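Data block below; observations after.
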Amino acid sequence: GIVCGLSATNSGPVCFGNTVNLSAVNNDTTQTFTYYWSGPSGFAATGKNIVANPNAAGTFAYNLIAVSQKGDTCTATTEVIIHPLPNVSLTDSTDRVLCNVANTIFSMANPGANDSFQWYFNNVAIAGQTGFDITADQTGTYKVIGFTDFGCVDSSEVHLTLNQTD
């Protein structure tokens with residue numbers, strides 16, 4: 001047998017949609033090892049330093065097995081934290097063409113209570129528009145960007161055309 005000096009580390013926490021670097025640290029320099037990783041959703045990879053792309057937010061265990069050329073085995077685990085993105089989905093994200101109306105309202109379907117938001121018109125921030133909805137009264141593109149406490153960001157946008165006829 002051997003004395004295991006193996007540990008597993010990761011580059012997290014990260015926001016959902018970003019990759020995580022997983023690294024094996026091995027104090028045993030007298031043998032050659034092959035590193036086998038396993039994790040959530042059937043994740044499997046081989047290598048000392050690998051990249052994982054978790055498919056959900058949450059806390060996940062990635063397990064590492066190091067096998068020496070002599071068949072000795074060491075194990076380690078690292079916990080990866082994936083923070084969720086803000087929920088900026090709109091109740092209706094269909095582009096709209098409206099005739100003979102002054103405005104319409106765009107609303108977020110299920111905004112996070114602890115998230116912050118900023119609305120934009122044609123990619124310019126609208127001063128003071130940080131709520132869950134906006135009254136749109138000009139032809140153009142309306143976008144909302146959400147931010148979580150952890151710095152995760154997401155956005156949604158919709159285009160509005162207002163036509164006035166005589």
Side-chain angles (χ1 to χ4, degrees), residues 4-27 33 35-66 74-96 103-162:
C4 289
L6 181 69
S7 62
T9 62
N10 71 78
S11 62
V14 299
C15 296
F16 177 70
N18 291 292
T19 59
V20 178
N21 298 316
L22 303 176
S23 300
V25 179
N26 194 341
N27 296 335
F33 288 83
Y35 300 91
Y36 301 97
W37 295 88
S38 62
S41 301
F43 176 84
T46 303
K48 191 168 185 180
N49 299 298
I50 58 143
V51 177
N53 191 4
N55 61 4
T59 301
F60 304 100
Y62 284 83
N63 301 303
L64 172 63
I65 300 173
C74 297
T75 61
T77 300
T78 184
E79 294 279 323
V80 173
I81 297 172
I82 308 297
H83 292 297
L85 297 178
N87 187 342
V88 291
S89 54
L90 301 173
T91 52
D92 180 1
S93 59
T94 306
D95 290 347
R96 297 184 196 177
N103 59 56
T104 188
I105 295 175
F106 296 117
S107 302
M108 284 184 274
N110 190 23
N114 295 323
D115 298 341
S116 57
F117 304 95
Q118 175 63 58
W119 287 89
Y120 292 76
F121 176 70
N122 292 338
N123 291 316
V124 176
I126 305 169
Q129 293 297 322
T130 58
F132 297 156
D133 55 35
I134 189 168
T135 300
D137 59 3
Q138 297 179 65
T139 293
T141 301
Y142 290 82
K143 176 167 59 176
V144 61
I145 299 179
F147 307 87
T148 68
D149 293 346
F150 299 105
C152 301
V153 179
D154 202 4
S155 65
S156 290
E157 69 179 45
V158 62
H159 188 78
L160 173 66
T161 304
L162 290 175

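What's counted below: heavy atoms across the whole structure, side chains too, no hydrogens, waters or symmetry copies. These numbers were taken from a predicted model, which means no experiment stands behind them.
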For Leu160 and Ala136, work out which heavy atoms get closest and say how close. CD2-CB, 3.6 Å

Are the side chains of Ile82 and Val14 in touch, meaning some heavy atoms are under 4.5 Å apart? yes

Is the shortest side-chain heavy-atom distance between Asn26 and Tyr35 below 4.5 Å? yes

Walk me through it: do Val158 and Asp92 pass the test side chain to side chain contact (heavy atoms under 4.5 Å, CB included)? CA-CA 9 Å; Val158 62; Asp92 180 1; over 6 Å; no

Please determine whether side chain to side chain contact (heavy atoms under 4.5 Å, CB included) holds for the pair Asn10 and Tyr62, giving the CA-CA distance in whole Å, both sets of side-chain angles, and the decisive distance to 0.1 Å. CA-CA 9 Å; Asn10 71 78; Tyr62 284 83; over 6 Å; no

Could you state the interatomic distance from CG (Asn49) to OG1 (Thr9), rounded to the nearest 0.5 Å? 8.0 Å

To the nearest 0.5 Å, tell me how far Ile145 CD1 sits from Asp115 CG. 13.5 Å

dist Leu162:CG -> Asp137:CG (nearest 0.5 Å) comes out at 7.5 Å

Okay, side chain of Gln118, backbone of Ile126: is any donor-acceptor separation there less than 3.5 Å? yes

Closest heavy-atom pair and its distance - Ala66, Leu6: CB-CD2, 3.7 Å

Side chain to side chain donor-acceptor pair (under 3.5 Å) assessment of Asn63 paired with Thr77: CA-CA 4 Å; Asn63 301 303; Thr77 300; 2.9 Å; yes

Could you tell me which non-hydrogen atom of Ala45 sits nearest to which non-hydrogen atom of Ile50, and how far apart they are? CB-CD1, 3.6 Å

Identify the two heavy atoms, one from Phe132 and one from Trp119, that lie closest to each other, and give their separation to 0.1 Å. O-CZ2, 3.9 Å

List the steps, then state whether side chain to side chain contact (heavy atoms under 4.5 Å, CB included) holds for Tyr120 with Glu157. CA-CA 9 Å; Tyr120 292 76; Glu157 69 179 45; over 6 Å; no

Looking at every heavy atom in both Trp37 and Ala24, which two are closest together, and how far apart are they? CZ2-N, 3.7 Å

Between Phe16 and Asp154, does a side chain to side chain contact (heavy atoms under 4.5 Å, CB included) hold up when you go through it step by step? CA-CA 10 Å; Phe16 177 70; Asp154 202 4; over 6 Å; no

Sorted by chain and number, sequence neighbours left out, side chain to side chain contact (heavy atoms under 4.5 Å, CB included) with Cys152 holds for Cys15, His83, Leu85, Pro86, Thr148, Phe150

Between atom CG of Leu64 and atom OG of Ser7, what is the distance when rounded to the nearest 0.5 Å? 8.5 Å

Value rounded to 0.5 Å, distance of OH in Tyr142 from CD1 in Ile134: 6.5 Å

Can you measure from CE (Met108) to CG (Leu90) and round to the nearest 0.5 angstrom? 8.0 Å

Counting C-beta onward and ignoring hydrogens, is there a side-chain heavy-atom pair between Phe60 and Asn55 closer than 4.5 Å? no

Which pair of heavy atoms, one from Ala76 and one from Ala8, lies closest together, and at what distance? CB-N, 3.8 Å

